[in-house]
Colleague: 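Quick one: structure below, then a few questions.
These numbers were taken from a predicted model, which means no experiment stands behind them. Each chain gets a letter, A, B and so on, in the order the sequences are listed, and its residues count up from 1.
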Protein chains: 2
Amino acid sequence: MPDDLSLRVTPQPVRRQVEERLRDAIITSRFAPGEHLSDRMLCDLFGVSRGVIREAVRLLEAEGLIHVVPNRGPFVAYLSAAEATQVYEVRAVLEALAGQGFAERASAEEIAELRAVYEELAATRPGSDRLVLLGLKRRFYDVMLRGCRNAYVARMLDQLLNRNSQLRATTLSDPTRLPQTIIEIRRIVEAVERRDRDGAWEACRDHVMQAARVALRILNEQAAMASRAAETAAD
Amino acid sequence: MPDDLSLRVTPQPVRRQVEERLRDAIITSRFAPGEHLSDRMLCDLFGVSRGVIREAVRLLEAEGLIHVVPNRGPFVAYLSAAEATQVYEVRAVLEALAGQGFAERASAEEIAELRAVYEELAATRPGSDRLVLLGLKRRFYDVMLRGCRNAYVARMLDQLLNRNSQLRATTLSDPTRLPQTIIEIRRIVEAVERRDRDGAWEACRDHVMQAARVALRILNEQAAMASRAAETAAD
DNA sequence: GGGCCCAGGATTGACAGACAATTCTACAGG
DNA sequence: CCTGTAGAATTGTCTGTCAATCCTGGGCCC
């Protein structure tokens, strides 16, 4: 089996760069949900040919980040409240599995790395930028998904995290939520340090379920705000 | 929110057909794992242009069915024993979640449908063709993934089932395995009929874990056989 | 004013051809 | 037997073309 630390270099086609940058642009909300990503616009933006753009779009379509309407082209995927509920349901079990795997199989170095990222996260002050927080949390997951020694759970969780990154950025930067998040994550780190597979499972699962609660509350508030705005506009 | 029973018709681009047929060809082993899928060959085979082929390949790459090596093109993905273990680990929790969701949220019609597919499966005789069995089992999953009311678990499980369909076909058609499979599936159906969410979770999880045991045994046998063949060849 | 229809422009979906860069293949030479 | 290299084949990318479809805006009728 090839080692993950393999020194093999592989050329990176232009296509990959476009995939990565476009993915990143969507995740960091530089394109708004529902926005139309027309061929020509992306060609100009990235300075590549239509073929490359279309291939990248197909890949992100399969990842669920882009929704393609026949004869109308690609749009940035939009996550409804109902879908968000489903995403959190799946995330709960996948993160639990990842946490369990990490507790069982991560190296001592990886556990130390996880704690280091946790300490960094715990040291942030409430006013931090959404994207900074999201980036930190992302690093936490990167360590976790690497250490759980299961490329499939890593891939699928990665997709889910990207899919609802917008909502996650919102909940993370909620000032009342952040201290709670830090406590939950500490539980994960501590369970992992004890090599407690069931504890890690529970802590991860609990963390996602708490996040889901906050996310759905925010979604409801937004919906209420939107309907109130609609009423005002109708006056 | 758009109803799943929407009568809306959407045009099907050529691209989609190629995606579906190519996916199907890989799943049903009409292309062997590791086989090289060169542009020109696929162009001739499907009678479409390179652009369409390349877009379809990109989609199946994201689904994990195709592995792309830079400057060497796409290859049918190959599942190692280590990866198979990981796939079964993820499948176990996702199927458990799907089963639980089905027990909670499926309609009475869907539950009846699940039983109907089960009865059909239970009525097969041991000698049946691998692909026939795989198709039946697939219909079982189709009902389950529709009734669990979670599009994300459905999508991810769908990908995983495709990803190791070859191995599944092998284990399913193992004559000693089939009766056991049927018993396990009956447990799922019965739990669902009782609306027993925990029971459905356990039954689904157990089913996957049993399948994993058989699959890994077969993989080991194949490995042993291969090494024996290598010895013979070396004589 | 509101609704309907239609022409024109813009965009998507698909095709063919071209070309540099890379990889594979096979053959000759040490 | 190993090595090196020339030529063929393939990939990655770009450009241009064209039909089909969608959106827009204006004109027309009620």
Side-chain angles (χ1 to χ4, degrees), chain A residues 2 6-23 25-26 31-63 65-78 233-234, chain B residues 2 6-23 25-26 31-63 65-78 233-234:
Chain A
S6 155
L7 295 179
R8 177 186 182 78
V9 296
T10 58
Q12 284 288 79
V14 174
R15 177 190 350 116
R16 295 276 174 241
Q17 288 183 40
V18 175
E19 284 163 15
E20 283 171 28
R21 284 168 191 267
L22 186 52
R23 186 189 294 114
I26 294 175
F31 292 118
E35 190 172 343
H36 187 201
L37 303 172
S38 81
D39 274 12
R40 198 155 319 252
M41 186 266 281
L42 294 177
C43 285
D44 294 348
L45 191 58
F46 290 106
V48 297
S49 72
R50 271 180 83 200
V52 171
I53 292 293
R54 292 176 61 90
E55 289 185 39
V57 165
R58 226 49 71 198
L59 197 106
L60 297 187
E61 179 191 0
E63 290 182 8
L65 254 36
I66 285 179
H67 178 69
V68 176
V69 181
N71 286 316
R72 304 223 296 123
F75 296 80
V76 178
Y78 165 76
Chain B
S6 155
L7 295 178
R8 178 186 182 76
V9 297
T10 57
Q12 284 288 78
V14 174
R15 177 178 71 251
R16 297 272 174 245
Q17 289 183 40
V18 174
E19 284 163 16
E20 282 169 28
R21 283 169 192 266
L22 186 51
R23 184 188 296 114
I26 293 175
F31 291 116
E35 190 172 345
H36 186 204
L37 302 173
S38 80
D39 275 10
R40 199 157 314 258
M41 185 265 280
L42 294 177
C43 284
D44 295 347
L45 191 58
F46 290 105
V48 296
S49 71
R50 269 181 86 202
V52 172
I53 292 293
R54 292 178 61 89
E55 289 185 40
V57 165
R58 225 49 70 200
L59 197 107
L60 298 187
E61 178 190 2
E63 291 182 8
L65 254 37
I66 285 180
H67 178 71
V68 176
V69 181
N71 286 314
R72 304 222 297 123
F75 296 81
V76 178
Y78 164 75

Colleague: For the pair made of CD in B:Gln17 and P in C:dG13, what is the distance, rounded to whole Å?
Modeller: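 Value for this atom pair: 14 Å.
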Colleague: Is there a donor-acceptor contact under 3.5 Å from the side chain of A:His67 to the main chain of A:Gly34?
Modeller: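 It does not hold such a pair.
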Colleague: Of all of residues 41-54 of chain B, which get a heavy atom below 4.0 angstrom from DNA chain C, listed by number?
Modeller: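 Under 4.0 Å from DNA chain C: B:Val48, B:Ser49, B:Arg50, B:Val52.
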Colleague: Under 3.5 Å, side chain of B:Glu35 to main-chain N/O of B:Ala32, donor-acceptor pair present?
Modeller: yes
Colleague: Starting from P on D:dT21, measure out to CG on A:Asn71 and report it in whole angstrom.
Modeller: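 Rounding to the nearest Å, CG of A:Asn71 and P of D:dT21 are 7 Å apart.
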Colleague: Using a strict cut-off of less than 4.0 Å between a Lys/Arg side-chain nitrogen and an Asp/Glu carboxylate oxygen, indicate whether A:Glu61 and A:Arg58 qualify as a salt bridge.
Modeller: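 Counted as a salt bridge, because a side-chain N and a carboxylate O are separated by less than 4.0 Å.
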Colleague: Under 4.0 Å between a side-chain N/O of A:His36 and OP1 or OP2 of C:dT12, yes or no?
Modeller: yes
Colleague: Return the set of residues passing side chain to side chain donor-acceptor pair (under 3.5 Å) with B:Glu19 (not counting sequence neighbours), or none when no residue passes.
Modeller: B:Arg16
Colleague: Which distance, rounded to the nearest 0.5 Å, do you find between the CD1 of A:Ile53 and the CZ of A:Arg15?
Modeller: 12.5 Å
Colleague: Closest-nucleotide mapping onto DNA chain D: is A:Arg72 or A:Pro13 further toward the 5' terminus? I mean the 5' end.
Modeller: A:Pro13
Colleague: Could you check how far CG of B:Asp39 sits from C1' of C:dC15, rounded to whole Å?
Modeller: 14 Å
Colleague: Check the distance between D:dT11's P and B:Ile66's CD1 and give it to me in whole angstrom.
Modeller: 12 Å
Colleague: Taking side chain to side chain contact (heavy atoms under 4.5 Å, CB included) as the definition, give me every residue that meets it alongside A:Ala62, ordered by chain and number, with sequence neighbours left out.
Modeller: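 In terms of side chain to side chain contact (heavy atoms under 4.5 Å, CB included), with neighbours along the sequence ignored, A:Ala62 is linked to B:Leu59, B:Ala62.
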Colleague: Rounded to the nearest Å, what distance is computed from the CD atom of residue B:Gln12 to the P atom of nucleotide C:dT12?
Modeller: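 Nearest whole value for this atom pair: 19 Å.
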